[in-house]
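Everything below concerns the one structure shown next.
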There are 2 protein chains.
Amino acid sequence: MGAHESPNCPVARRLKEARLGAGLSQRRLGIAAGIDPGTASTRINRYERGAHIPDYSTLTAIAHVLNVPVAWFYADRDDLASWILAFDSSLSPRN
Amino acid sequence: MGAHESPNCPVARRLKEARLGAGLSQRRLGIAAGIDPGTASTRINRYERGAHIPDYSTLTAIAHVLNVPVAWFYADRDDLASWILAFDSSLSPRN
DNA sequence: ACACTAAGAGTGTCTTAGCCT
DNA sequence: AGGCTAAGACACTCTTAGTGT
């Protein structure tokens, strides 16, 4: 196993989906998540292409910017992803 | 950042919680997930102690053994974890 | 049998320095 | 500007070998 590609990890496609929904560039999302401006574009790009997987603290920062729970990135089915968002939106805005 | 301890990643405690619930030893869970018997105990132990984080394919195999979605391991709140399990138990018959 | 650990081997991510559109 | 990539630097996980319960 000498590969360095992530098999079927949903993080890549969820990240792209959420970033585009927020109207951010790869670079601007990375900077907003606290990543060094010089590497923000490269790192977010690698995550979206599925080449690398972000560690937990990085993903937590990204999740905060995009207003989703970290678990949402790991939802392997679209219906589960929606289910998680439904939970999320029922506790941020008070009524 | 020279540390090799996972900060607040929920995977460690969720894994232990689910394994104990299933009544499996660290070694038996690892073997059931397809990990080499010679390293199963060590690896699962590292995951539960928060020393290492399993990669996606390993976590997928563990999730299958324990009957939970991968996303559940990343639920940072107990109420979100319960919410995810509620979804999981309602999809045996097709939708 | 079960839980756990150190340390070298092995595998992955991060940074630098770019190209292409 | 925005998307994307290779390759060395660097950090992490995995395996081996072993301790203690």
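Numbered from 1 within each chain, the chains take letters A, B, ... in sequence-line order.
Nearest to the side chain of A:Asp55, among C:dC14, D:dT13, C:dC4, sits C:dC14. The listed nucleotides are C:dC14, D:dT13, D:dC4; the one nearest the side chain of A:Tyr47 is C:dC14. Nearest to the side chain of A:Arg19, among C:dA3, C:dT5, D:dG3, sits D:dG3. Taking the side chain of A:Asn45 as heavy atoms from C-beta on, and the options C:dA3, D:dC4, D:dT13, the nearest nucleotide is D:dC4. With C:dT13, D:dT13, C:dC4 as the candidates, the nucleotide lying closest to the side chain of B:Ile53 is D:dT13. Comparing C:dC2, D:dT5, D:dG3 against the side chain of A:Arg49 picks out D:dT5 as the nearest.
Regarding A:Ile44, its CD1 atom lies at a distance of 15 Å from the P atom of D:dT5, rounded to whole Å. Atoms CG (A:Leu59) and P (C:dC14) sit 11 Å apart, rounded to a whole Å. Atom CG of A:Leu29 and atom P of D:dA1 are 18 Å apart (whole Å). The CG atom of B:Asp36 sits 9 Å away from the C1' atom of D:dT15 (whole-angstrom rounding). Whole-Å rounding puts the B:Tyr56 OH to C:dG12 P distance at 17 Å. To the nearest angstrom, C1' of C:dT13 lies 15 Å from NE2 of B:His52. Nucleotide D:dG2 holds its P atom 7 Å from the CZ atom of A:Arg28, rounded to whole Å.
Looking only at distances, a side-chain donor or acceptor of A:Arg27 sits under 3.5 Å from a matching main-chain atom of A:Pro37.
No hydrogens or angles were tested; on distance alone, a donor-acceptor pair under 3.5 Å links the side chain of A:Thr42 to the base of C:dA17. With hydrogens and angles ignored, no donor-acceptor pair closer than 3.5 Å exists between the side chain of A:Thr39 and the base of C:dT16.
Between A:Asp36 and A:Thr39, the side chains place no donor N or O within less than 3.5 Å of an acceptor N or O (distance only, hydrogens not considered).
Annotation: side chain of B:Tyr74 is in contact with side chain of B:Cys9 (closest heavy-atom distance under 4.5 Å).
In this model, the phosphate group of C:dT13 is not approached by any side-chain N or O of A:Arg43 to a distance below 4.0 Å at OP1 or OP2. The phosphate of D:dC14 (OP1 or OP2) has no side-chain N or O of B:Arg46 nearer than 4.0 angstrom.
Around CZ of A:Arg13, the count of heavy atoms belonging to other residues, nucleotides or ligands within 6.0 Å exceeds 12.
Note on ring orientation: taking the six-membered ring where Trp is involved, the planes of B:Trp83 and A:Trp83 are parallel (angle under 30°, cut-offs 30° and 60°).
Looking at heavy-atom distances under 4.0 Å, A:Arg27 makes no contact with the nucleic acid at all.
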